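The shown structure was predicted, so the numbers you read here are calculated from the model rather than taken from an experiment. Values below: every heavy atom of this structure, side chains too, minus hydrogens, waters and symmetry copies. Residue numbers begin at 1 in each chain, while the letters A, B, ... track the order of the sequences.
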Amino acid sequence: MLKECMKMAWSNIIHNKMRSFLTVLGVLIGVSSIIALITIVQGATGSITSQISSLGADKITIQAMGTRLKQGLSEKDLEQLSLVNNVSGVSPTVSGKTALVYKRNVKTDVSVQGKNNVYFNKELDSLARGRGVNVLDVNNKNQVAVLGSDLAKELFWGDEPIGQHLLVNGNTVTIVGVLKESSGSIMGSTNDIVIMPYTSAMKTLGVRNITNVDVYMSDANKSESIINDVTTILNSAFNYRENTFTVLNMQNIIDVIGNITGMLTLLLAGIASISLLVGGIGIMNMMLVSVTERTTEIGLRKALGAEPAQIQLQFLIESIFISLFGGLLGLIIGLLIAIVASILMKFSFTITAWTIILAVGFSAAVGIIFGLAPARKASRLNPIDALRHV
Amino acid sequence: MSEILNMQDIVKRYSLDAEELVVLNKINLKINEGEFVSILGPSGSGKSTLMNILGCLDVPTSGKYILANNDVEDLDERELARIRNKEIGFVFQSFQLLQRLNALENVELPMIYARVSPENRRKKAMAILERVGLAEKMNNYPNQLSGGQQQRVAIARSVVTEPTILLADEPTGALDQKTGQQIMQLFKDLNAEGRTIIMITHDTNIARYSKRIVNILDGHLSEGAATNAERVYENGMEQYHS
Ligand SMILES: Nc1ncnc2c1ncn2[C@@H]1O[C@H](COP(=O)(O)OP(=O)(O)OP(=O)(O)O)[C@@H](O)[C@H]1O
Ligand SMILES: [Mg+2]
């Protein structure tokens with residue numbers, strides 16, 4: 001019976017090609033806009049959050065402007081921070097700009113950052129060659145440096161920089177490592193910086209205070225209690241004065257972005273759903289016309305023994321066919337739009353099973369919801385009236 | 001011979017505005033297996049109304065109608081559909097073939113609702129179309145067939161499920177005289193093969209092909225001149241021509 005119903009539905013769809021096509025178009029536009037919007041928003045969100053997590057979802061960033069009396073964090077504060085539960089390490093960053101000299105080459109305005117051993121432990125794969133800053137470098141204020149990849153190329157022209165000596169702000173510094181080329185992120189790249197032990201960097205750059213510290217968490221799920229403890233330490237360090245520091249958790253930012261884009265997805269999908277609704281009304285309209293046109297046929301089928309449920313099924317299958325067809329085409333076109341957008345906007349493109357289930361499910365539901373009333377109307381036709389209708 | 005349908009005091013009333021219209025007034029009718037009955041009456045006498053009730057397309061206002069041991073009053077929509085499918089074959093004045101299906105598919109239609117397997121459907125439909133002389137035209141669509149041929153397809157469709165009765169409402173009404181005769185001959189042959197036929201007509205000459213005539217006038221039934229009918233039936237052709 002189902003097979004016959006499908007055959008009948010198909011023959012009717014084929015028989016009214018133009019009308020069926022236009023109705024399919026209605027659903028197609030609805031489904032494709034939903035799919036395209038959701039995929040684009042998800043893709044864009046994915047690329048933003050992955051950029052942010054590449055900055056470290058497992059760390060808390062502290063910016064301490066401090067008070068007039070205490071303009072930054074002391075060694076003791078760092079030590080206290082490193083003792084907080086579930087903290088695996090603390091990495092201060094001091095930064096400044098200065099001139100580099102290698103042989104005859106002079107580069108001005110080079111960004112120099114002071115880091116510690118914790119940083120290189122955590123970001124092990126940031127090193128291309130050589131070694132990073134170690135504990136001894138930090139403790140002994142060793143004049144060593146790790147070069148960004150572009151800087152290494154510019155100064156050494158393919159020669160091995162490791163073991164060579166540079167003048168950083170007039171101090172002789174030994175190069176111990178070279179960083180990998182980084183693709184760069186919204187926070188800038190590390191390709192043309194020099195990293196030194198923060199202790200020696202402070203001396204070289206004349207920086208007296210540590211204002212930037214990354215606190216690495218051993219368990220990112222405990223971020224809340226860690227932030228609490230960190231805040232307590234910082235508060236006591238700055239005498240409970242307001243606006244002396246900020247504590248930033250990458251995960252929080254990711255969560256906020258996730259919330260915003262989640263709402264954006266819902267909003268856009270909601271707007272796109274309106275076009276699907278219009279498509280559904282198109283189906284209903286077409287089916288109602290179809291029922292009226294085929295009144296005699298329905299009457300005849302009933303006279304020949306079609307049960308109301310069988311008539312209903314026949315018409316319902318027809319509307320489901322139309323909407324599924326629109327749904328599948330809409331899925332394909334929506335994904336094509338998303339692919340083009342992903343190329344133009346440079347984000348990675350992913351098709352989830354959900355997208356497909358959503359498209360197929362939504363369109364089938366539209367077919368059923370908007371096909372039901374016409375199908376019921378057909379099944380309830382009085383066969384005598386229907387047969388008389390010529 | 002066994003009785004296949006029995007109508008007792010069937011009344012059909014329509015209320016139009018304030019007025020009441022009694023279309024069928026206490027109809028009593030018994031029909032046995034193998035009969036060929038004409039229901040003869042002028043226009044507006046209630047023939048089609050009676051046929052609709054006989055065919056379970058409509059239910060009477062009051063009265064008892066037993067069809068093949070089923071009390072029609074007790075049946076719901078779905079069961080009525082089953083009864084129509086199983087017990088009744090309809091032949092309409094305007095053929096009522098689906099234009100989008102060819103002759104073979106039109107004949108297969110009632111078997112779909114009888115849940116006959118596709119292979120059996122095809123086999124039976126081909127056999128019955130051969131029987132009505134349309135072996136060559138099985139794949140023609142209705143608009144590729146003459147009126148007489150279309151009515152043959154409709155007749156093939158009505159008997160393919162081997163119903164208890166074949167109900168025909170003015171089956172020759174849309175055909176010319178000669179084609180009408182051929183259709184009546186087909187009915188006669190089907191009846192000779194044992195098929196029970198009830199035919200509705202306003203044409204006395206057509207009614208004479210049957211074995212029994214029942215007259216209907218203003219909603220009342222009366223048995224017609226059966227002897228005369230029998231005699232004409234024997235040499236129906238000559239009578240029809242004169
Ligand atoms: N649904 C209805 N509502 C009201 N009156 C109806 C209805 N159907 C039929 N009638 C009336 O019942 C009467 C009999 O109609 P019916 O169709 O049975 O006549 P008939 O004998 O078949 O006539 P014809 O030979 O012209 O087909 C007519 O007067 C008609 O107006
Ligand atoms: Mg009539």
Heavy-atom distance under 4.5 Å between the side chains of Leu300(A) and Phe92(B), does that happen here? yes
Using non-hydrogen atoms and a 4.5 Å limit, figure out which bit of Glu297(A) sits close to chain B: side chain, backbone, both or neither. both
State the CG-CG distance between Leu304(A) and Leu98(B), to the nearest 0.5 angstrom. 8.0 Å
Does Met138(B) have more than 12 heavy atoms from other residues, nucleotides or ligands lying within 6.0 Å of its CE? yes
Contact between Glu77(B) and Arg380(A) at the side-chain level, heavy atoms closer than 4.5 Å - yes or no? no
Over 12 foreign heavy atoms within 6.0 Å of CZ, Phe325(A): no
Heavy atoms of other groups near Glu19(B) CD, more than 12 under 6.0 Å: no
Glu307(A) vs Leu80(B) side-chain heavy atoms within contact, under 4.5 Å: no
Check the surroundings of atom CG in Asn120(B): do more than 12 heavy atoms from other residues, nucleotides or ligands lie under 6.0 Å from it? yes
Shortest non-hydrogen separation from Ala303(A) to Arg84(B) and the atoms involved: O-CB, 3.6 Å
When rounded to the nearest 0.5 angstrom, what distance separates CD1 in Ile384(A) from OG1 in Thr49(B)? 8.0 Å
Before you tell me yes or no, could you show the steps for Ile112(B) and Gln310(A) under side chain to side chain contact (heavy atoms under 4.5 Å, CB included), namely the whole-Å CA-CA distance, both residues' side-chain angles and the distance that decides it to 0.1 Å? CA-CA 11 Å; Ile112(B) 291 177; Gln310(A) 293 171 326; over 6 Å; no
Region of Asn12(A) in contact with chain B, defined by heavy-atom distances below 4.5 Å: both
Exceeds 12 heavy-atom contacts within 6.0 angstrom, atom OH of Tyr14(B): yes
So, are Glu4(A) and Arg115(B) salt-bridged, with charged N and O less than 4.0 Å apart? no
For Arg82(B) and Gly305(A), indicate whether the former's side chain and the latter's backbone hold a donor-acceptor pair under 3.5 Å. no
Just wondering, more than 12 heavy atoms not from Glu79(B) lying within 6.0 Å of its CD? yes
Taking side chain as everything from C-beta outward and backbone as N, CA, C, O, which of these in Asn52(B) sits under 4.5 Å from a heavy atom of chain A? Side chain, backbone, both or neither. side chain
Would you say that more than 12 heavy atoms from the other residues, nucleotides or ligands in this model lie under 6.0 Å from the CD of Gln99(B), or not? yes
First locate atom OG of Ser94(B), then atom CG of Leu387(A), and finally report the distance between them rounded to the nearest 0.5 Å. 8.0 Å
Is it true that atom CZ of Phe362(A) has more than 12 heavy atoms of other residues, nucleotides or ligands lying nearer than 6.0 Å? no
Closest non-hydrogen contact found for Ala81(B) with Ala306(A) is CB-O, 3.6 Å
Residue, of Lys3(A), Lys302(A), Met8(A), Arg301(A), that accumulates the most heavy atom pairs under 4.5 Å with chain B: Arg301(A)
Do you know which two heavy atoms are closest between Asn382(A) and Leu57(B), and how far apart they sit? OD1-O, 4.3 Å
So do Thr296(A) and Gln96(B) actually touch side chain to side chain, heavy atoms under 4.5 Å? yes
